[in-house]
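First the structure, in the form of structure tokens, and then the observations on it.
Labels below follow one simple rule: chain letters A, B, ... track the order of the sequence lines, proteins then strands, and each chain is numbered from 1.
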Amino acid sequence: MTEQVRTRIAPSPTGPPHVGTAYMALFNLAFARRHEGRMILRIEDTDQLRSTPESEEAILQALSWLGIEWDEGPDCGGEYGPYRQSERTALYQAEVQRLIDQGHAYLCFCSAERLEQLRKEQMANKETPRYDGHCLSLTPEEVEERKNRGDPYVVRLKVPDEGECRFTDELRGEISIQWSQIDHQIIQKSDGFPTYHLANVVDDHLMKISHVIRGEEWISSTPKHILLYEYLGWSAPVFTHLPLLRNPDKSKLSKRKNPTSITYYQDSGFLPEAMLNYLGMMGYTLPDQREIFSLNEFCETFEIKRVSLGGPIFDLDKLKWVNGRYLRENLTPEEVLQRLVEWKGGPSFFSQVIPLALPRLETFSDFFPLSQFLLNENPLYPFDELVGKQEPREVARLLKIAEWELEKVDSWDRDSLASVFQILAETESKKLKELLTPFFVCITGSKVSLPLFDGMALLGADLSRSRIRKALQLLAENDAGLSKKGLKSLEKEYRQSYGKRID
RNA sequence: GUCCCGUUCGUCUAGUCAGGUCAGGACACCGGGUUUUCAUCCCGGCAACAGGGGUUCGAAUCCCCUACGGGACGCCA
């Protein structure tokens, strides 16, 4: 008899919870439920630099908000834990050692500079960039010596030079990729941590994952995984690569172009069940073509073969329509009231706003006009108000710089925001008051409002960013936007004055 | 640049595996009706098989080529 179906989602806690994660989670969950299996949540935090506990917490919370439940995970435990890769390093190191001992992997001492150089040359020669096997020629004695000397090293996977890797994707059929296209993948970094590829394969095996359902972006590295399974003497799971969610311009859904954080949708007033319903119709239709369905209905009727392969564009209009139907058809007015209060209609929210509004109040009726921007998804304002007395292009420039600077803020509170704008004012040699005017308008929709930094803190990072983006759009529509060229030179200027941009 | 994956209305998609009804539904948009406004709701309209070549009595469906789109090519995942 076949083994139990076990699927997993493996988010990396390196940023805000992404809708793509929720999308993958939904399909993994549905497949597991449909086949009376289990879904595992595993935290892939092998990137020591970028992973944070806050982000992990946020991901767990966002998925729970959506109603996605996992059977095993770092919070609820399970038979195959720990479920956080940073707590499993010994396991990986043992397997890496086994691979080295069996001659399937080797130590590499090459410098970043040499690798960079090599990559450049290969690109120039129209070849696929690939490690040239330089350190493969080291004798065991040399390796031992350099290792003892304390030279930093990584461990690479030995990949055949000829032939091809064939594997089956449940949706796409047979895929074959020449081994010569596959790099000698680093499986252990110089900090001793495994890379994704190694950790992923080891964990999927140890956690008895039967079906790997993941994004299309992984197709080209699947041969590395297949090879690892072979070398380690394990049988590989069934692979299914789902299409990627797209921006309206068809590129992979990204926060630069779209709100991608689950908390954005939460903060701007969407219902979790509507959100999940909408994600369920991306690349998929139920057998009876229903458009409104519960998570249970989705899971009970789920057939993975019905997934369609074209990358679906995330369409806010349709999401809103779905959400509207839930509000009107699936909830009673009492329930709506309750959900509204849970959202931003209750004391927990208003008690934060009152102190900010109070100095500006004469009567109660002053309160809502002042705080409406916190509840309004998209406050509107005229172009002239945004620009004020400043040069429109200068406003665009400041907004763009602020957008980049705000990406660096990791704790979104009043003080951090204040310091961002102070730095901005200093660097631009502008008075803070003058600098802030367009930001007041784009965040609150008005020149007269609550204190900006508190307001932004309350609004949250995602909503604030999207408003700056909308202001930039408005400027562009009025021929005051940044041209492609202007953007490039601004980026250069920005790097010099403010340092590197981060993702 | 190299490799891989994809391609049905503007968008999400049904139909493709087992070739044969005017290519169906939904969002958006447009028009009409209900409604003291608006919204909801109801009715109607617009609108697609990327292109070319095969196979076949017959192709959205099977095969090949081209174009276009996307992804991967990190000591990120």
>> I'd like the C1' distance from B/U11 over to B/A47, given in whole Å.
In response: 12 Å
>> Nearest to the side chain of A/Asp183, heavy atoms from C-beta on, is which of B/G74, B/G71, B/C27?
In response: B/G74
>> Nearest whole Å is fine: how far is B/U2 P from A/Ile182 CD1?
In response: 17 Å
>> Show, in sequence, the C-alpha distance, side-chain angles and deciding distance for A/Trp343 and A/Asp267, and conclude whether the side-chain hydrogen bond (donor to acceptor under 3.5 Å, both in side chains) test is met.
In response: CA-CA 8 Å; A/Trp343 179 60; A/Asp267 290 346; 5.6 Å; no
> Do other residues, nucleotides or ligands put more than 12 heavy atoms under 6.0 Å from A/Gln178 CD?
Replying inline: yes
> How close or far is atom P of B/C42 from atom CZ of A/Arg325, stated in whole angstroms?
Replying inline: 9 Å
>> What's the closest nucleotide to the side chain of A/Asp47 if the choices are B/A14, B/G71, B/A77?
In response: B/A77
>> Can you tell me the base-pairing partner of B/G74? Count Watson-Crick or G-U wobble geometry only, both distances below 3.5 Å, and say none if there is no partner.
In response: none
> At under 4.0 Å, does any side-chain N or O of A/Ser221 touch on OP1 or OP2 of B/A72?
Replying inline: no
> Nearest nucleotide by nearest heavy atom, which residue falls closer to the 5' end of RNA chain B, A/Asp317 or A/Cys110?
Replying inline: A/Asp317
> What class does the angle between the rings of A/His35 and A/His211 fall in, given that below 30° is parallel, 30 to 60° is tilted and above 60° is perpendicular?
Replying inline: parallel
> Is B/G45 paired to anything, Watson-Crick or G-U wobble with both distances less than 3.5 Å, and if yes, which nucleotide?
Replying inline: B/C29
>> For B/G74 and A/Arg119 - does any side-chain N or O of the residue sit under 4.0 Å from the phosphate oxygens OP1/OP2?
In response: yes
> Taking any strand in view, what nucleotide pairs with B/C9 in a Watson-Crick or G-U wobble way, both distances under 3.5 Å?
Replying inline: none
Distances under 3.5 Å between protein N/O atoms and the N/O atoms of nucleotides 59-65 of chain B, please, pair by pair.
none

> Given the C1' atoms of B/G58 and B/U2, what is the spacing between them in whole Å?
Replying inline: 41 Å
> Could you give the NE2-to-C1' distance, from A/His241 to B/G70, as a whole number of Å?
Replying inline: 15 Å
>> Between A/Gln338 and A/Glu334, is the side-chain hydrogen bond (donor to acceptor under 3.5 Å, both in side chains) condition met? List the steps.
In response: CA-CA 6 Å; A/Gln338 189 197 330; A/Glu334 292 74 31; over 6 Å; no
> Just wondering, more than 12 heavy atoms not from A/Glu174 lying within 6.0 Å of its CD?
Replying inline: yes
>> Using atom P in both nucleotides, what's the gap between B/G25 and B/U34 to the nearest angstrom?
In response: 26 Å
> Where along residues 288-300 of chain A does a heavy atom fall under 4.0 Å from RNA chain B?
Replying inline: A/Gln289, A/Glu291
> Taking OP1 and OP2 of B/G1, is either one under 4.0 Å from a side-chain nitrogen or oxygen of A/Lys120?
Replying inline: no
> So does A/Arg306 get a side-chain nitrogen or oxygen closer than 4.0 Å to the phosphate oxygens (OP1/OP2) of B/G15?
Replying inline: yes
> Checking side chain to side chain contact (heavy atoms under 4.5 Å, CB included) for the pair A/Ile177/A/Glu164: CA distance, chi angles, key distance, verdict?
Replying inline: CA-CA 5 Å; A/Ile177 298 175; A/Glu164 63 180 9; over 6 Å; no
>> Checking the side chain of A/Ser308 only, and the main-chain atoms of A/Gly310 only, is there a donor and an acceptor separated by less than 3.5 Å?
In response: no
> For A/Tyr153 and A/Gln122, take the nucleotide of RNA chain B holding the closest heavy atom to each; which residue's nucleotide lies nearer the 5' end?
Replying inline: A/Gln122
> Between atom CE in A/Met281 and atom P in B/A14, what is the gap in whole Å?
Replying inline: 12 Å
>> Using the P atom as the point on both nucleotides, what is the distance between B/U21 and B/A60, in whole Å?
In response: 10 Å
> Does the gap between the ring centers of A/Phe298 and A/Phe302 come in under 6.0 Å?
Replying inline: yes
>> So if I take every side-chain heavy atom of A/Pro129 and compare against B/C73, B/A28, B/C75, which nucleotide ends up nearest?
In response: B/C73
> Hey, is NZ on A/Lys250 packed in by over 12 heavy atoms from elsewhere, all under 6.0 Å?
Replying inline: no
> Just checking A/Thr285: base, sugar-phosphate only, or nothing, at a heavy-atom cut-off of under 4.0 Å?
Replying inline: sugar-phosphate
> Could you give all pairs that pass the side chain to side chain donor-acceptor pair (under 3.5 Å) test and reach residues 271-285 of chain A, with sequence neighbours left out?
Replying inline: A/Glu273-A/Arg339, A/Asn277-A/Tyr326
> Using a cut-off of less than 4.0 Å, is there contact between a side-chain N or O of A/Lys189 and OP1 or OP2 of B/C76?
Replying inline: yes
>> As a quick check of understanding, evaluate salt bridge (Lys or Arg N to Asp or Glu O under 4.0 Å) for A/Arg34 and A/Glu300, giving each step before the final call.
In response: CA-CA 6 Å; A/Arg34 177 65 208 280; A/Glu300 278 163 15; over 6 Å; no
> Using purine N1 to pyrimidine N3 plus N6-O4 or O6-N4 for Watson-Crick, or N1-O2 and O6-N3 for G-U wobble, both under 3.5 Å, which nucleotide pairs with B/G58?
Replying inline: none
>> Strictly by Watson-Crick or wobble contacts shorter than 3.5 Å, is anything paired with B/A23, and which nucleotide is it?
In response: none
> Can you list, by residue number, the residues of residues 263-277 of chain A that have a non-hydrogen atom closer than 4.0 angstrom to RNA chain B?
Replying inline: none
> Taking only N and O in the side chain of A/Thr46, is any of them less than 4.0 Å away from OP1 or OP2 of B/A77?
Replying inline: yes
>> Can you classify the ring geometry of A/Trp234 versus A/His205 as parallel (below 30°), tilted (30 to 60°) or perpendicular (above 60°)?
In response: parallel
> To the nearest angstrom, how far is A/Trp179 atom CH2 from B/C73 atom C1'?
Replying inline: 16 Å
>> In whole Å, I'd like the distance from the OH atom of A/Tyr284 to the P atom of B/U13.
In response: 13 Å
> Which whole number of Å gives the distance between the C1' atom of B/G53 and that of B/G10?
Replying inline: 30 Å
> Just by distance, do the side chain of A/Tyr229 and the backbone of A/Pro237 share a donor-acceptor pair under 3.5 Å?
Replying inline: no
> Cation over ring, A/Arg42 on A/Tyr83, under 6.0 Å and within 45°?
Replying inline: no
>> For B/C38, give the paired nucleotide (Watson-Crick: N1-N3 plus N6-O4 or O6-N4; G-U: N1-O2 and O6-N3; both under 3.5 Å), or none.
In response: none
> So, A/Tyr498 versus A/Trp404, ring centres under 6.0 angstrom or not?
Replying inline: no
> Taking CD from A/Gln188 and C1' from B/C76, how many angstroms apart are they, rounded to a whole number?
Replying inline: 17 Å
Just the atom pairs and distances: protein N or O near nucleotides 3-11 of chain B's N or O, under 3.5 Å.
from: B/C3; atom 1: O4'; to: A/Gln181; atom 2: OE1; distance (Å): 3.2
from: B/C5; atom 1: O2'; to: A/Arg172; atom 2: NH1; distance (Å): 2.2
from: B/C5; atom 1: O2'; to: A/Glu216; atom 2: OE2; distance (Å): 3.4

> Between A/Arg156 and A/Tyr131, is NZ or CZ placed under 6.0 angstrom from the six-membered ring centre and within 45° of the ring axis?
Replying inline: yes
> By salt bridge (charged side-chain N to carboxylate O under 4.0 Å, His left out), which residues pair with A/Glu335, not counting sequence neighbours?
Replying inline: none
> Considering only the P atoms, how many Å lie between B/G20 and B/A26, rounded to the nearest integer?
Replying inline: 24 Å
>> Could you tell me how far apart A/Arg130 (CZ) and B/C73 (C1') are, to the nearest whole angstrom?
In response: 12 Å
>> Among B/C27, B/A77, B/G71, which nucleotide has an atom closest to any side-chain atom of A/Leu244?
In response: B/G71
> C1' atom, B/U61 versus B/U55: distance in rounded Å?
Replying inline: 13 Å
